[in-house]
2 protein chains.
Amino acid sequence: MKNYELVLHRVEADLAAGRLRIGERLPGERVLAEQLGISRPSVREAVRVLEAMGVVRTATGSGPEAGAVIVAEPVSPLTAVLRLHLATNHLPMNDVVQTRILLESWAAREAAGRQVDSGELKLADDLLDQMDAPDLSPEEFHLLDAEFHVALSGLAGNVLIAAVMASLRSAIHGYVLAAVPNLTDWEATTVGLRSEHRAIVKAIRAGTPDDAAELVTAHIRGFYQAARLNTAP
Amino acid sequence: MKNYELVLHRVEADLAAGRLRIGERLPGERVLAEQLGISRPSVREAVRVLEAMGVVRTATGSGPEAGAVIVAEPVSPLTAVLRLHLATNHLPMNDVVQTRILLESWAAREAAGRQVDSGELKLADDLLDQMDAPDLSPEEFHLLDAEFHVALSGLAGNVLIAAVMASLRSAIHGYVLAAVPNLTDWEATTVGLRSEHRAIVKAIRAGTPDDAAELVTAHIRGFYQAARLNTAP
DNA sequence: GGGGGTCATGTGGTCGGACCACAGCATAGC
DNA sequence: GCTATGCTGTGGTCCGACCACATGACCCCC
């Protein structure tokens, strides 16, 4: 067993046993090193891994915000894993798109089925209004688009699926932007996407699960076909 | 920008550009440190993160297997992220179960729909035969069970979904085992699970997607209800 | 007594150097 | 020709030091 794994196991056990809770601080690196009988560099390697896993956030200085604070941020590590494995070309873009369709159509169906109240839909509406601005760059448009889709996924009330969706969108953001030139007509594309978004929200509000799921599926599939993103980048 | 992030960006860029391929070796830590003008500890922190992300595998010694070799192992990092966030209690077990049902029923539907050839089903059959052994411990049984479910998910041909499924199973393995005492009758449970497994494979082989998906959904939901695992641990 | 500036303190961030264990390979010796 | 030994390069670990930063206590001046 490598020394830095001692720290990982210790922290995981402390979390599982409730000895460490979100918002609390990890012991200082020097203290942790002495407690476990290992060196500070070994502790640091473990803290780095925990940081990459979205379990701690480190900051310098003093005060309650400094040090290694326990957080629960699952999106960034999932994003990192996906991005890196997309980069190795051993994760076909087509599989990512297929997963998006599966998760998002499910979320839309769930949201429509459980009759979300209009307060939850307000964020989505606001985002759609922002996307109506006439002079958005592709980058700005897609950031709002991603936020909208993530918000929709959140309506289903499943933390894990929402996190995976958010990380999927973040991971492929660069690839999507790079594919914009493949579109024959950017303006026409945005008009279509905008009206499809409105239709999806309308279906969820109306409480018609099958319609909502179908609209989402067609929406995603249509864009990736237009952008020719269904093959490995 | 922290120094170890220099290494991460450098490696990700090299992967994306094809300058680093799977099976190749990362430059030595000392070399990397000098190339980027940073210290070896900083490089080591980055390598640790890459290792945790399933992108490199490190080993001591010399020869082609030693050093930091580029690999593509998405399951272990996903497992680690899920396990850690389950430990923080900010990821409800119910959401994980719901995700399992969604992914696995989809995979079963896909597999049944595309008429997998019997060679691909042989692994699943073999695992089911092994699970018929009369004196399996709960631990052994669930390991085989997990392997069976992961194999099924693989039949759909989506690398990402198969990886997520495998990591879900690994992450909850401990929780499942801990819940075995909740079952009123372990023997009767295994008999039921075994026959359900056979029925699922039969439906896939018969090419009846709706049946396959429905059987998988009932199978998973039934077990978690019996084991009372639908609430946070 | 109050207010503002200054320094002590503790945090992570970084560095250089050193030594160890390990695996493979070149080479010397038989 | 074969074996055994040492050389080489790899990651693994440690030590000690210094830096940048944010805070809070302290002190001086008004």
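All figures in this text were calculated on a predicted structure; none of them were measured in a lab.
Taking atom CG on A:N3 and atom C1' on C:dA21, their separation rounds to 13 Å, with Å as the unit. Atom pair B:R25:CZ and D:dG11:P shows a separation of 7 Å (rounding to whole Å applied). Computed from coordinates, the A:I38 CD1 to D:dG16 P distance equals 16 Å when rounded to whole Å. With rounding to whole Å, B:E29 atom CD is found 14 Å from C:dC15 atom P. The NZ-P distance, from B:K2 to C:dG13, rounds to 5 Å in whole Å. Protein atom CD of A:E45 is 15 Å distant from nucleotide atom C1' of C:dG12, rounded to whole Å.
Close to C:dG13, at under 4.0 Å from its OP1 or OP2, lies a side-chain N or O of A:R44. Side-chain nitrogen and oxygen atoms of B:R40 include none within less than 4.0 Å of the OP1 or OP2 phosphate oxygen of C:dT14. The side chain of A:S62 contributes no N or O atom lying less than 4.0 Å from OP1 or OP2 of D:dC21. Between C:dG13 and B:S42, no contact under 4.0 Å exists linking OP1 or OP2 to a side-chain N or O. Checking the phosphate oxygens (OP1, OP2) of D:dG12, a side-chain nitrogen or oxygen of B:T58 falls inside 4.0 Å. An OP1 or OP2 oxygen of D:dC14 is reached within less than 4.0 angstrom by a side-chain nitrogen or oxygen of A:S39.
With the nearest nucleotide of DNA chain D identified for both A:M1 and A:E65, A:M1 has the one nearer the 5' end. Across the interface with DNA chain D, nearest-nucleotide mapping of A:A66 and B:V31 shows B:V31 to be the residue nearer the 5′ end. In this structure, B:Y4 and B:G61 both approach DNA chain C, and ranking their closest nucleotides by distance from the 5' end singles out B:Y4.
Side chain of A:R228 to backbone of A:N182: a donor-acceptor contact under 3.5 angstrom is found.
Just one of B:Q35, B:E29, B:E34 meets the side-chain contact (heavy atoms from CB on, under 4.5 Å) condition when paired with B:V31; it is B:Q35.
Residue contacts shown for A:R57 are absent, as no nucleic acid heavy atom lies under 4.0 Å away.
The side chain of A:R48 has C:dT14 as its nearest neighbour among C:dT14, D:dC14, D:dG12. Nearest nucleotide to the B:R30 side chain, out of C:dG24, D:dT10, D:dT13: D:dT10.
In this structure, A:H219 and A:H197 have perpendicular ring planes: the angle between them is above 60°, well past the 30° mark.
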- Would you please test A:L183 and A:F223 for side-chain contact (heavy atoms from CB on, under 4.5 Å) and show each step? CA-CA 9 Å; A:L183 297 168; A:F223 175 76; 4.3 Å; yes
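Here B:R83 contributes atom CZ and A:M53 contributes atom CE; the two are 9.0 Å apart, rounded to the nearest 0.5 Å.
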